[in-house]
Amino acid sequence: MAPDPNSASGSGTTRDEASVKVPAKDPKKKDEKKDEDLSEEDLALKQQLELYVERVQDTDPGLQKVALESMRQEIRTSTSSMTSVPKPLKFLRPHYATLKAYYDTMADSDLKKFLADILSVLAMTMSAEGERESLKYRLLGSEGEIGSWGHEYVRNLAGEIAQEYTKRQVRIPIISIDMIAFAHWLTTRHLILGEEASVDDLIELVQQIVAFHMKHNAEYEAVDLLMEVEDLDMLGDHVDRTNYKRTGLYLTSSARYLPGPDDMLVLDIAYTIYLKFEEYPSALQIALFLDNMQYVKKVFTSCDDLLRKKQFCYILARHGITFELDEEMAADDDDRETLQEIINNTKLSEGYLTLARDIEVMEPKSPEDIYKAHLLDGRASAGASVDSARQNLAATFVNAFVNAGFGQDKLMTVPSEASSSGSSGNWLFKNKEHGKASAAASLGMILLWDVDSGLAQLDKYFHSNDNHVIAGALLGVGIVNCGIKNDCDPALALLAEYIDKEDSSVRIGAIMGLGLAYAGAQNEQICSKLIPILGDSKASLDVVAFTAISLGLVYVGSCNGDIAEAIICALMERESELGEPLTRLLPLGLGLLYLGKQESVEATAEVSKTLNVQIRKYCDMTLLSCAYAGTGNVLKVQHLLGQCAQHLEKGESHQGPAVLGIAMVAMAEELGIEMAIRSLEHLLQYGEQNIRRAVPLALGLLCISNPKVNVMDTLSRLSHDTDTEVAMAAVISLGLIGAGTNNARIAGMLRNLSSYYYKEASLLFCVRIAQGLVHMGKGLMTLGPYHSERFLLSPTALAGIITLLHACLDMKAIILGKYHYVLYFVVLAMQPRMLLTVDENLKPLSVPVRVGQAVDVVGQAGRPKTITGFQTHSTPVLLAAGDRAELATEKYIPLSSILEGFVILKENPDYREDN
């Protein structure tokens, strides 16, 4: 009886390996030395195996069978301990060629298949690179249980199957073809192209391997193999309740790194798996990622639980899309009305104020509370006391951003009798002309999401004799309704009649208001009202530019051909005005129609090449960057970087959108963000002036509401740049990366900058705006367009940020000119960064949760922790960028796997209180 090979796995292992590898001049000496090094047990095993090899070549089939059986037993028992190459495989190494040669002489029989099995295992360590002998002998062998040879063997086989599959798929290329040959090809296609080799034998093996992997917690290896052999559909048969979550997680995570259309196929499979196991929230998130409304509908129709449907509605509301429920999705009228109300986001203001009360920040703040001028030296505070229109305008924006959504402040909502100097009317008239428009609109921002009281308080401005005040009120109506849908459509009813007024500022207020209120709604009434303005030669350029943007926002990502055509025609007709700063908004409006839609933009991009030379490249870059925004497409990033590498003539401005495009495409995942930041650093060093002006804005987009220290330092350095345009962009970007975080380091930097630039009005204005952004919503908000643990990208939020950044490419003409109200486009991305848990009646419910840094657990064994460095709080809680929350109690079950925004909790029926 042979000794147990597992018993001597420790001592002498490394010496055995060395003795196999080091060549000796005299083979006899070498063998003697090797035998001396082995322990008694190993020597016995070696001699035993050599005897088996001799017996296998015996003429007696009975002896052969016993020898093969014993050899198989030795190999199988050793494979279970994988510290190094198992002993039997090591000792059989010199006999591999002998066994192969004998196999070829054997007649077909069960014994021959038996030997093929053993050769297949030996080939794992002994066959030459690229020969795929392990697979060859497996296919020739008996079709026994594949897992019995151990995990390493199965993995090795999977790798060889992938190589063999790829080889069999390759066809003979057609070098040249004449017409006779082509006709012949049509009839006998395989004569020219070469037939694809059959892969049925491989697929049979793949099924065994996948079944083995799925049983042994190696789901990711099964998925990888199925991707290699292009047969992911097979996965559905092997997924069960124990492994569907890990499988789905791996599929959705790997989709980011796959080229199209494979990524969509993988997500389709994940959607099917989640639906099969009733993991509806995850299925809904994939449906939204794919932008497939039929899939969304299917999630609603597959689920019968009203409470879970309410959770779906919260997810839809956070994503910011317009979605109408029908009888099939919710049969009962009252239920349907309740669900539609959640999708319409009508409870957002209430939830946000619940959070504010819980954190005790309801007290209104004035701009002075933000500037903290008393912390600076004398010169800055002296400068601040001058009551200039520019300073007051900055204070208007700071006040609007800081008190956004709180419904009260110290400038606009103060009752008249309370303070004669600070009443709403008086503050409004401390602003000049177009400044009054932003001041009136700021009331909309303060009453954000509270439609009823917002419209009531804005009403008084509609009776003003000043067109700028009316324009601001119209814009304010749009801001209040931003992200909130309403069956009565109050915004459309109020704004529609002002669209065709004489005064251009009133028209812009109404048009921009509609764009904000109905972003993503694809409302046909708005389309029919706004498209004629694009073709109106009498309309001023600014009205046309804002019309294009509003149409782009309302129809974001819809690929609407009629609007695209109208915008291109407007660009063609206004060739004389192409040099104007606002012209850049027309191609952007066009780009927003194709936001994230990838190849769908190609036809429009071709048409845009017929435009005037002055705008052609600008339009091309804008379309490309919008179409691939949030996709992480590396080839497009390279193309955009290539555009930035060119040194151009004066006056060409298309590199600005190309730089922003790099950030827009690369923002999809963390690795892309890191690489894009490094590329932008290079652009700063080697790029032309117009590139350097766009780099800070691109950095701001990559880390929006996520203040990374390295980016913060770069922007701080650029904020002192000799080129004022670069400095202004850097200051605004400091505001963007710290937006809604109350980040103390950025707040300190901005205070120092306000002291540094106290004599330069335009830069000081930018510093003030940035201060307002950092303290946005008193630190309860985020501008990040990603949600659901960075899986979903809200198209309307991204559209709002992109519009602001494109306007910032020409800071002096737009933001420092009379169009400063473009800053309000940021409202599209403003969302509370909260977790608010509610009970089954949708009333706030305080429960303990752990909040910590999210950990990537994709493909990890066991049940690893998903957060690290956590603290336990009671809900509602704030979530910073990169944070994740999990319930710290088993008393309730959350109806969504991702704890963000509104999450419904239901009581756990199995929970027992500990006495």
Side-chain angles (χ1 to χ4, degrees), residues 49 52-53 56 64-65 67-80 82 85-86 88-90 92-93 95-170 196-216 218 221-231 234 237-238:
L49 287 166
Y52 293 154
V53 172
V56 165
Q64 280 182 331
K65 188 169 186 187
L68 285 169
E69 191 64 66
S70 307
M71 203 185 288
R72 180 167 76 166
Q73 195 59 35
E74 290 290 355
I75 293 170
R76 279 191 178 172
T77 50
S78 70
T79 314
S80 59
M82 282 300 296
V85 176
L89 294 187
K90 195 187 297 178
L92 285 169
R93 196 182 185 98
H95 307 290
Y96 178 57
T98 318
L99 289 170
K100 257 172 63 175
Y102 181 70
Y103 174 84
D104 293 335
T105 62
M106 284 176 84
D108 284 348
S109 66
D110 286 349
L111 285 178
K112 185 170 184 179
K113 287 184 176 178
F114 218 148
L115 179 56
D117 286 349
I118 288 171
L119 283 171
S120 174
V121 180
L122 295 180
M124 178 165 69
T125 57
M126 296 169 207
S127 73
E129 187 74 32
E131 288 293 315
R132 297 190 289 285
E133 286 183 345
S134 190
L135 174 62
K136 171 185 157 187
Y137 288 115
R138 175 72 205 178
L139 292 171
L140 294 167
S142 62
E143 293 166 8
E145 172 60 40
I146 201 164
S148 60
W149 296 102
H151 200 88
E152 200 59 37
Y153 171 68
V154 178
R155 289 181 65 178
N156 179 62
L157 211 51
E160 293 193 4
I161 287 173
Q163 292 170 7
E164 180 67 21
Y165 183 85
T166 311
K167 189 182 173 201
R168 291 192 194 181
Q169 292 297 306
V170 175
E196 271 185 29
S198 165
V199 290
D200 295 349
D201 52 345
L202 295 183
I203 296 301
E204 217 169 289
L205 256 185
V206 166
Q207 283 199 316
Q208 292 181 44
I209 293 175
V210 168
F212 175 80
H213 279 326
M214 294 301 276
K215 273 196 198 100
H216 294 83
E221 289 188 24
V223 171
D224 285 343
L225 176 60
L226 289 174
M227 281 184 192
E228 291 284 358
V229 299
E230 298 166 11
D231 193 5
M234 195 194 291
D237 307 334
H238 299 282

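Quick note: numbers below take in every heavy atom, side chains included, and nothing from hydrogens, waters or symmetry partners.
- Taking the salt bridge (Lys or Arg N to Asp or Glu O under 4.0 Å) definition, one finds that E133 meets it with K100, sequence neighbours left out.
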### Task
Give the intermediate values and the outcome of side chain to side chain contact (heavy atoms under 4.5 Å, CB included) for residues V210 and D237.
CA-CA 10 Å; V210 168; D237 307 334; over 6 Å; no
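- To the nearest 0.5 angstrom, I203 atom CD1 is 5.0 Å from M234 atom CE.
- Taking the side chain as every heavy atom from C-beta outward, F212 and E221 never approach each other to under 4.5 Å.
- Nearest heavy-atom pair across L140 and A116 is C-CB, 4.1 Å.
- A distance of 8.0 Å separates CG in L139 from CD in E164, rounded to the nearest 0.5 Å.
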### Task
Start with the C-alpha gap between I209 and I161, add the side-chain angles, then the distance that decides, and say whether side chain to side chain contact (heavy atoms under 4.5 Å, CB included) holds.
CA-CA 10 Å; I209 293 175; I161 287 173; 3.4 Å; yes
### Query
Do V154 and H213 pass the side chain to side chain contact (heavy atoms under 4.5 Å, CB included) test, and can you show the C-alpha distance, the side-chain angles, and the key distance before you say yes or no?
CA-CA 9 Å; V154 178; H213 279 326; 4.0 Å; yes
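- Of the inter-residue distances, the one linking K136 atom NZ with R132 atom CZ reads 11.5 Å to the nearest 0.5 angstrom.
- Not counting sequence neighbours, the partners of K112 by the side chain to side chain contact (heavy atoms under 4.5 Å, CB included) test are Y103, M106, D108, S109.
- Residues Y165 and E230 come closest through the heavy atom pair OH-OE1, 3.6 Å.
- Residues meeting the side chain to side chain contact (heavy atoms under 4.5 Å, CB included) test with N156, sequence neighbours left out: M124, S134, E160.
- D224 is linked by a side-chain hydrogen bond (donor to acceptor under 3.5 Å, both in side chains) to Y250, counting only residues two or more places apart in sequence or in another chain.
- Between atom CD of residue Q207 and atom CG of residue L226 there is a gap of 9.5 Å, rounded to the nearest 0.5 Å.
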